[in-house]
Novice: 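Sharing a structure here in structure tokens format.
Quick caveat, the model's predicted, so the values are computed rather than measured. Below, chain A is the first sequence line, B the second, and so on; all start at residue 1.
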Amino acid sequence: MYSLAELADRFGLEFTGEAGKTLTGIAALAEAGPGDVAFLANRKYLSQLASTRAGAVILHPDLVSRCPVACLVTEAPYVAFARISHLFDRSPRFLPARHPSAVVSPDADVHPGASLGPNVVVEAGAVLAAGVVLGAGVYVGHDSRLGAGTRVGPNAVIYHDVHVGECCVIHAQAVLGADGFGFAQGPGGWEKVCQLGGVRVGDRVEIGACTTVDRGTLGHTVIADGAIIDNQVQVGHNCSIGKNTAIAGCAGLAGSTTIGANCTLAGGVGVVGHVEICDNVHVTGMTMVTKSITRPGSYSSGTPMTSTRQWKRNAVRFSQLDAIQRRLAALESPGKQPDKG
Amino acid sequence: MYSLAELADRFGLEFTGEAGKTLTGIAALAEAGPGDVAFLANRKYLSQLASTRAGAVILHPDLVSRCPVACLVTEAPYVAFARISHLFDRSPRFLPARHPSAVVSPDADVHPGASLGPNVVVEAGAVLAAGVVLGAGVYVGHDSRLGAGTRVGPNAVIYHDVHVGECCVIHAQAVLGADGFGFAQGPGGWEKVCQLGGVRVGDRVEIGACTTVDRGTLGHTVIADGAIIDNQVQVGHNCSIGKNTAIAGCAGLAGSTTIGANCTLAGGVGVVGHVEICDNVHVTGMTMVTKSITRPGSYSSGTPMTSTRQWKRNAVRFSQLDAIQRRLAALESPGKQPDKG
Amino acid sequence: MYSLAELADRFGLEFTGEAGKTLTGIAALAEAGPGDVAFLANRKYLSQLASTRAGAVILHPDLVSRCPVACLVTEAPYVAFARISHLFDRSPRFLPARHPSAVVSPDADVHPGASLGPNVVVEAGAVLAAGVVLGAGVYVGHDSRLGAGTRVGPNAVIYHDVHVGECCVIHAQAVLGADGFGFAQGPGGWEKVCQLGGVRVGDRVEIGACTTVDRGTLGHTVIADGAIIDNQVQVGHNCSIGKNTAIAGCAGLAGSTTIGANCTLAGGVGVVGHVEICDNVHVTGMTMVTKSITRPGSYSSGTPMTSTRQWKRNAVRFSQLDAIQRRLAALESPGKQPDKG
């Protein structure tokens, strides 16, 4: 329970309205009641402001005059919302303790301030710092390290020689350090290349549920500080992901791909192996990145959705595109022999 | 072991052939032997009918005259096959019991008719109804609820505050209730938005292996009764999936997407965030849904597969499409200044 | 620790340089030090050769004259690298033993030379051959079989009636034998078809982390000897994958798809159900395979990445492609009535 003035003070916000107004929860603008803080960060929802029943709304200074209730005012309302959201977090806390069913090697170095859930397995040489939380069934392999405050969701698997920094969040079923997909085409079929490198993850990295980050073949696969990765993402061996880069769900990076800092890859993006993407690149959803990107900016591929009936016609024409352009060229230069293409 | 007449009677079918014929199994039309029931639902396989060695074939009335063996006759042969298939299910049954290795909070409410496999973890406040089956290693978080008859495959993870209805099937490694991908771009990098909502799943929902359904940011992520979701699907925070909607493998829904009832999304479809798809929409495989769909029907995007050699030419032309259309416009109106586009 | 001559002898290579030179590790050409073996398989990295500090480089006979250090010479340097990499594998070994927390049915047949990690569960009727390694938390269902030397990563799930051959590697969180996505559209919604088949995997198959291989509806889902499958791949019910076929990350195969031998599917490829791909087919990344492929060769779909600005224009034109071609046809035959198309 917080007063309006207390929230403003704690998060460096201006406010309008009664300083002592009590706020006990946080909710969406349309659903919020008189005890709730709400927020307006996307002007798409501006129409909901006039009728909101929220106790207070976090919003931009421009919008104060339109708000029928108390305001928490900031140039960056979504950031303020993010920060305030933590006050109302009721998710379960895990106390520093080792569940009796945890199987911890005597040769592991586990800080007494770490929390190990039921059926956790920690192998020899592993190092877990203070405040580490391992959910039920988590596996931490030989010589792997988790920094202070890093939390790992149930049943996630950290293979051997994987170092994760401080204050990271790794969700359920994520896999760090499975073998990269490295095979040589031998005379009798595929021959496995041993995957001898590890994984190195910086601080404040988030890795989503069912996301896989392969170990390096020789050197390491690297994820820099502050990178955030959604669910169902595949990060191939020896990839390098830059600082504060965000990768949305279902994206896939083939091996030895380098992505710079402050990039955003939208959902379903695929990046071919052995290319480089420079800093400050945005790639829109489901784009197929088949070559390096050397200039900041936004990149896309794909075709727009239409009715299937219309799509079928256009898709047939796509298959004839090269011919279409040659026909066009022939019309433009009637005398010329058509290019064999 | 069933007689032909018994099957017909139990499932409301007509039959031709000897009423007392014994049927002991179920098999595909081409592989079935004299003790097997087979079915013909897709006319693509009609050529296999004449030579079938099945004991009886489930088929449409139109095809009875072409069938060399006994028939189980119905307008909806695939539905009859689905129902009869359950008679021949030999998959393992799990008795109501709690494996001694299960770790169950004394503050959880577990019905004695639930079956808890080895290494299951059930946290405080969780409620498991009669007939719930938790495979080995399943995790059920604080205050989560599973309705009567719901089965969960090995190592699946149900985070806290996830409610699942009755008679659902959740396959191995599925994750319900991991954090949504919510971050604000702060001055020093991404700042996490606490994901305070839960997940609400209706009755008779199926959720595939390695599928992830994120919890809501403020309100809940919702999956309505009878929806079926295949493997490797990503459902973002605050999505809402309508009744009886089917989503095939590898599809991905970004956050706050609403999908109506009776929709089908084929494999690999991607849906951008904050859009709405109305009821009765079909989206073909790998389509990129970038805007709301307000009318029932079938929708598509993408380009058809060709040889790589031909594709390369057409793909180059795609990059020139805007120029091609301007060249065309210039030919159509020779006097006019070309549009700057 | 190996001498140069010893490596050459063991792997059937020629060598140049001092026979007794000691090699203690393996590293990339650019990072290798005097004790390391390096390799040059991709001429893209040829520029790194002149300045390498490696102890010896595995390379093609053509390049020996350009190499400043000792050489291990072969027509197939990447294969030699793959083989030599195993000498330097320092990944943890798991001794034949059964961790006391493993839950093994008395009706399972577990070879004493198998290694069962903590919290492993092995159900009745399962058969584990010599040298099988089950990582922590692995589940092996009723009547499933793992051949000699097959290793399974932590928390992977092998459902019932799944047979895996010898010397396979299955990575963490993989799921073999979850139900196929089979439902009939009944009058009151989807009706589940029991998935009565199993999964049959040959020898020397690799299956990546978070990859799912569904069981068959009636017959089995089949993966032939030597096939390699990367992470996050979905293999639908009753698929058949041929010998030595490679499938890269995030690919998805719908049900009843047949893929021949020696095929390669690049990352993110999607294959519709009930089609056949013949032997020796290569499909480039993110291609949508919507029909059978009956001739060996390389196949593609999709559009090339450009700046989003340029893409938007071209994408609009794609939606007008059919109209564009009709306009073109009208220009080509000015007298003719335009095709209603």
Side-chain angles (χ1 to χ4, degrees), chain A residues 101 103 119 121 123 137 139 141-142 155 157 159-160 173 175 178-179 181 183-186 189-194 196 210 212 214 218-219 232 234 236 250 252 254 270 272 282 284 287-291 297-304 306 310 313-314 316-318 320-321 324 327-328 331, chain C residues 26-28 31 78-79 81-83 85-86 88-92 99 101 117-119 135-137 153-155 169 171-173 204 206 208-210 226 228 230-232 244 246 248-250 267-268 285-286 302-308 311 315-316 318-319 321-322 324-325 328 331-332 341:
Chain A
S101 62
V103 176
N119 305 323
V121 175
E123 300 278 17
Y139 176 82
H142 295 77
N155 289 349
V157 170
Y159 273 89
H160 61 282
Q173 317 291 29
V175 179
D179 281 351
F181 196 58
F183 296 85
Q185 209 151 8
W190 297 104
E191 302 194 16
K192 186 173 175 71
V193 175
C194 268
L196 305 171
C210 287
T212 48
D214 282 348
L218 295 171
Q232 309 263 15
Q234 153 69 358
C250 308
V272 76
H282 175 67
T284 63
T287 291
M288 173 166 75
V289 181
T290 51
K291 58 187 177 201
S298 180
Y299 295 84
S300 303
S301 78
T303 67
T306 57
Q310 191 186 336
R313 288 187 197 156
N314 293 325
V316 166
R317 299 312 176 197
F318 177 86
Q320 303 164 343
L321 255 186
I324 285 175
R327 285 160 59 194
L328 182 60
L331 286 173
Chain C
I26 190 160
E31 280 84 39
Y78 199 59
V79 173
F81 163 64
R83 293 174 183 174
S85 72
H86 291 262
F88 299 102
D89 183 13
R90 296 177 314 261
S91 66
H99 192 275
S101 62
N119 306 323
N155 289 348
V169 180
H171 290 280
Q173 317 291 28
R204 287 161 291 106
E206 183 137 348
C210 287
I228 55 175
D230 198 359
N231 297 350
Q232 309 263 14
N244 294 332
C250 307
M286 297 177 83
T303 66
M305 180 187 71
T306 57
S307 73
T308 299
W311 172 77
V316 166
F318 177 86
S319 305
L321 254 185
D322 194 50
I324 285 175
Q325 107 76 31
L328 183 59
L331 286 173
E332 289 171 327

Novice: Quick one, C:Tyr78 and A:Val193 - any side-chain contact, counting heavy atoms below 4.5 Å?
Specialist: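 Heavy-atom side-chain distance check passes, below 4.5 Å.
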Novice: Of all heavy-atom pairs between A:Phe318 and C:Gly302, which one has the smallest distance, and what is that distance?
Specialist: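 Here A:Phe318 and C:Gly302 meet closest at CZ-O, 3.7 Å.
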Novice: Which atom pair, heavy atoms only, marks the closest approach of C:Gln325 to A:Arg317?
Specialist: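 Answer, listing the atom of C:Gln325 first, then A:Arg317: CG-NE, 3.0 Å.
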Novice: Between A:Asn155 and C:Asn155, is there a donor-acceptor pair closer than 3.5 Å when you use the side chain of the first and the backbone of the second?
Specialist: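 Flag not set: sc A:Asn155 to bb C:Asn155 has no pair under 3.5 Å.
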Novice: Give me the atom names and distance for the closest heavy-atom approach of A:Ala178 to C:His171.
Specialist: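 That closest heavy-atom pairing would be CB-ND1, 4.1 Å.
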Novice: Which value, rounded to the nearest 0.5 Å, describes the distance between A:Arg327 atom CZ and C:Glu332 atom CD?
Specialist: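 Atom-to-atom, A:Arg327:CZ and C:Glu332:CD are 4.0 Å apart.
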Novice: Go through C:Ser307, C:Gly153, C:Gly226 and name the one with the most non-hydrogen pairs under 4.5 angstrom from chain A.
Specialist: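 Of the candidates given, the most pairs with chain A belong to C:Ser307.
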Novice: Which region of C:Asp230, side chain (C-beta onward) or backbone (N, CA, C, O), has a non-hydrogen atom less than 4.5 Å from a non-hydrogen atom of chain A, or is it both or neither?
Specialist: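 Interface part for C:Asp230: both.
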Novice: Do the side chains of A:Phe181 and C:Glu206 get nearer than 4.5 Å, heavy atoms only?
Specialist: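 Sidechains of A:Phe181 and C:Glu206: no contact.
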Novice: Quick check: do A:Thr287 and C:Trp311 have side-chain heavy atoms less than 4.5 Å from each other?
Specialist: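 The answer is no, as the side chains (C-beta and beyond) never meet within the 4.5 Å cut-off.
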Novice: Using a cut-off of under 4.5 Å for heavy-atom pairs, which of A:Ile324, A:Val289, A:Val157 has the most such pairs with chain C?
Specialist: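 Heavy-atom pair counts peak at A:Val157.
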Novice: Here's a test for you: under side-chain contact (heavy atoms from CB on, under 4.5 Å), which of C:Pro118, C:Ser101, C:Pro154 qualifies with A:Val121?
Specialist: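 Answer after filtering C:Pro118, C:Ser101, C:Pro154: C:Pro118.
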Novice: Any side-chain heavy atom of C:Cys210 within less than 4.5 Å of one from A:Val175?
Specialist: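 Yes - at least one pair of side-chain heavy atoms lies under 4.5 Å apart.
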Novice: Between C:Ile26, C:Asn231, C:Val79, C:Val169, which has the largest tally of heavy atom pairs under 4.5 Å with chain A?
Specialist: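 So the answer, after comparing C:Ile26, C:Asn231, C:Val79, C:Val169, is C:Asn231.
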Novice: I'd like to verify something: which residue of A:Ala184, A:Ser300, A:Ser301, A:Gly252 has the highest number of heavy-atom pairs under 4.5 Å with chain C?
Specialist: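 Max contact count across the listed options: A:Ser300.
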Novice: With rounding to the nearest 0.5 Å, note down the distance linking CZ in C:Arg83 to CD in A:Glu191.
Specialist: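 If I round to the nearest 0.5 Å, the distance is 4.0 Å.
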Novice: Enter the distance from A:Gln185:CD to C:Asn244:CG here, rounded to the nearest 0.5 Å.
Specialist: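 Answer for the CD-CG pair, A:Gln185 versus C:Asn244, is 8.5 Å.
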Novice: Does a side-chain heavy-atom distance below 4.5 Å link A:His160 with C:Arg90?
Specialist: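 Not in contact.
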Novice: At a 4.5 Å cut-off on heavy atoms, which part of A:Gln310 comes close to chain C: side chain, backbone, both, or neither?
Specialist: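 It is the side chain, since no backbone atom gets that close.
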Novice: Which bit of A:Thr284 is near chain C, if near means a heavy-atom gap under 4.5 Å: side chain, backbone, both or neither?
Specialist: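 Side chain of A:Thr284 only, per the 4.5 Å heavy-atom cut-off to chain C.
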Novice: Could you look at A:Leu331 and say if it's the side chain, the backbone, both or neither that has a heavy atom under 4.5 Å from chain C?
Specialist: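 Just the side chain, heavy atoms under 4.5 Å.
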Novice: Kindly indicate whether the side chain of A:Leu218, heavy atoms from C-beta on, has any atom under 4.5 Å from the side chain of C:Glu31.
Specialist: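 No, every pair of side-chain atoms sits at 4.5 Å or beyond.
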Novice: Given a strict heavy-atom distance threshold of 4.5 Å, which part of C:Ala28 is in contact with chain A: side chain, backbone, both, or neither?
Specialist: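 Looking at C:Ala28, backbone and side chain both touch chain A.
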Novice: Between A:Ser298 and C:Thr308, is there a donor-acceptor pair closer than 3.5 Å when you use the side chain of the first and the backbone of the second?
Specialist: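 No; judged by distance alone, with no hydrogens or angles, the pair does not exist.
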Novice: Let me know if C:Gln232 has heavy atoms under 4.5 Å from chain A in its side chain, its backbone, both or neither.
Specialist: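 The answer is the side chain of C:Gln232.
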Novice: Working to the nearest 0.5 Å, report the span between NE2 of C:His86 and NZ of A:Lys192.
Specialist: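 That separation rounds to 7.5 Å.
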Novice: So does C:Gly135 get a backbone contact from the side chain of A:Tyr139, meaning a donor-acceptor N/O pair under 3.5 Å?
Specialist: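 No.
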Novice: Identify which of C:Ala315, C:Pro92, C:Gly267 forms the greatest number of heavy-atom pairs closer than 4.5 Å to chain A.
Specialist: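 The candidate making the most pairs under 4.5 Å is C:Pro92.
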Novice: Could you tell me which of A:Val272, A:Asp214, A:Leu321 has the largest number of non-hydrogen atom pairs under 4.5 Å with chain C?
Specialist: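 Highest number of pairs under 4.5 Å: A:Asp214.
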Novice: Rounded to the nearest 0.5 Å, how far does CH2 of A:Trp190 lie from CZ of C:Arg204?
Specialist: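 The distance works out to 13.5 Å.
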Novice: Could you pull out the closest heavy-atom pair between A:Asn314 and C:Ser319, with the gap in Å?
Specialist: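 For A:Asn314 versus C:Ser319, the nearest heavy atoms are ND2-O, 3.1 Å.
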Novice: Please classify the contact between A:Thr306 and chain C as side chain, backbone, both or neither, with a heavy-atom cut-off of under 4.5 Å.
Specialist: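 A:Thr306 touches chain C through side-chain heavy atoms alone.
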